[in-house]
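In listed order, ligands and their atoms are each counted from 1. It should be emphasised that the depicted structure is a prediction, and the values quoted were computed from it without experimental measurement. Side-chain atoms are counted along with the backbone in the values below, which use heavy atoms only and exclude waters and symmetry mates.
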Amino acid sequence: MSDIKRIGIITSGGDCGGLNAVISGAARIAYHLGIESCLIPHGYAGLYNLSNITPVVIDFARADKIHSGVAGSEAGHSRVKISKINNVHKYEIIKEGLKKHNIDGLIIAGGDDTGGVVVDLIEHGIKCIHVPKTMDLDLQSYSVGGDSTINRIAKFTDELRTTGITHSRALVIEVFGRYSGHTAFRGGLGADADCILIPEIHVDYDIVYDHFKQTYVNRLMSSDVKGSTYIIVAAEGVKNSKGEFFADASDNLDSFGHKKLSGVGKYIRQHLEDRMKKDSYWELILKREGIYVDDIYQHPEIREIQLGHLVRAGATSAYDVTFGKQIGGGAVLAMHKGIWGVTIVGVEAEEIIYIPTQEAIKQRNVELKEIAFYEAMGVCFGREPVQYKPTFRQHVGEIHRYM
Ligand code: F6P
């Protein structure tokens with residue numbers, strides 16, 4: 001057993017559901033082991049300034065005030081990469097801060113950028129342990145926040161369908177997802193979206209248009225009140241057929257150095273509208289169905305909606321609360337055992353499962369072979385559907401359970 005007496009908890013990167021569960025799980029297990037835990041506010045900015053701030057002690061009474069089911073983080077966040085700080089003494093400054101407050105080790109919750117800093121800190125002799133957190137779900141293991149985000153995308157998308165169908169509008173729902181589209185994919189499926197566009201598939205807008213036209217018109221013709229809609233869920237990082245971000249993508253970088261993306265929904269809408277305006281079929285079909293109005297209603301409307309930070313906010317799913325508690329509490333147990341420099345990926349019965357952080361933060365994309373499965377169900381992914389070719393095997397060993 002190690003002789004740690006006091007630990008610091010940091011949450012970093014984009015906030016999401018489950019972070020408070022991580023804090024609560026870590027603080028409660030620490031309390032159980034007789035270790036004092038404290039929050040270092042504002043992520044790595046707080047860590048760098050530790051000598052000048054007072055970490056917040058999370059004793060049992062304070063832990064009791066943390067609501068695991070509320071998204072965001074009690075600790076506050078920043079997007080600061082320690083290696084980018086322009087001060088040659090930065091690691092020594094951090095060590096002095098930790099020493100000043102008698103902090104023996106750190107639990108750091110975050111995604112690939114945050115995990116990269118964990119690796120960097122370890123290389124500079126600062127003891128830490130990583131817990132996986134990103135709503136983007138693009139780490140090697142499950143990351144807290146993913147399930148809550150998927151549920152929120154599915155819920156908002158499903159709810160938006162009522163306004164879509166009432167106005168017979170097609171809706172383009174833009175969600176976060178810069179390099180990988182896990183949450184657009186799962187959230188879109190969860191809401192029965194007609195089309196899901198993700199960064200992993202370079203979009204052919206002619207294919208999207210044809211699918212939209214066919215689906216929309218079929219729905220219109222089978223409706224006794226001539227109502228229709230078409231729902232697209234698109235990740236912000238969707239690329240065109242040349243593999244480029246959409247033309248208006250901003251050149252601004254966030255403090256982790258990523259291009260700030262916003263507006264792909266508008267870009268997709270314009271692509272569809274351009275094609276629709278040139279297509280005389282709409283006049284024919286809308287006239288035949290008794291909806292056409294000269295100069296005013298000559299083709300259906302398309303609206304884009306940015307869900308933005310709504311998908312990271314609000315309520316946390318029970319799955320994320322449970323998983324957050326597992327990895328937060330598991331991290332403390334691992335530290336107590338003297339295990340550092342790893343990522344906690346779960347708790348199974350009496351086992352705390354971990355992998356090297358270096359491995360955990362390697363980017364994981366949506367499995368394209370799985371996409372073909374949903375293409376066989378008629379969902380459009382902005383490409384020519386690929387035939388799904390299943391193989392079959394009998395499972396050997398333990399069956400993966402829900403939790
Ligand atoms: O890192 C997660 C993420 O949600 C990305 O998908 C998104 O691009 C980014 O955060 C936006 O974060 P913010 O606007 O809060 O900096």
S.K.: Locate the shortest heavy-atom distance separating Ile9 from Ala26; write the atom from each residue and the value.
M.R.: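 For Ile9 and Ala26, the tightest heavy-atom pair comes out as CD1-CB, 3.9 Å.
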
S.K.: Is the Tyr216 to Tyr230 ring centre distance short of 6.0 Å?
M.R.: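 When the ring centroids of Tyr216 and Tyr230 are compared, they turn out to be at least 6.0 Å apart.
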
S.K.: Looking only at protein heavy atoms, which one is nearest to atom 11 (C) of ligand 1, and how far off is it?
M.R.: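 The closest one turns out to be Arg312 NH1, 3.5 Å.
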
S.K.: For Gly177 and ligand 1, answer yes if some heavy atom of the residue is under 4.0 Å from a ligand atom, otherwise no.
M.R.: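 It does; at least one heavy atom falls under 4.0 Å.
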
S.K.: Which class fits the ring pair His271 and Tyr267: parallel under 30°, tilted 30 to 60°, perpendicular over 60°?
M.R.: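 Ring orientation, 0 to 90° scale: perpendicular.
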
S.K.: Taking N or O atoms only and a 3.5 Å limit, does Arg178 qualify as a polar contact for ligand 1?
M.R.: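 For ligand 1, there is an N or O atom that lies under 3.5 Å from one belonging to Arg178.
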
S.K.: Only heavy atoms of His309, strictly under 4.0 Å: list the atoms of ligand 1 that pass.
M.R.: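 Heavy-atom distances to His309 below 4.0 Å select 13 (P), 14 (O), 15 (O).
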
S.K.: Nearest non-hydrogen contact with atom 12 (O) of ligand 1 belongs to which option: Lys133, Arg79, Met135, Glu236?
M.R.: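 The option holding the nearest heavy atom is Arg79.
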
S.K.: So for Asp136, does at least one of its heavy atoms come nearer than 4.0 angstrom to any atom of ligand 1?
M.R.: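 A heavy atom of Asp136 does come that close to ligand 1.
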
S.K.: Please work out whether the ring planes of His309 and Phe176 are parallel, tilted or perpendicular, with thresholds of 30° and 60°.
M.R.: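 Because their plane-to-plane angle is over 60°, the rings of His309 and Phe176 count as perpendicular.
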
S.K.: Do Arg186 and Thr149 have side-chain heavy atoms sitting under 4.5 Å apart?
M.R.: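 No, their side chains stay 4.5 Å or more apart.
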
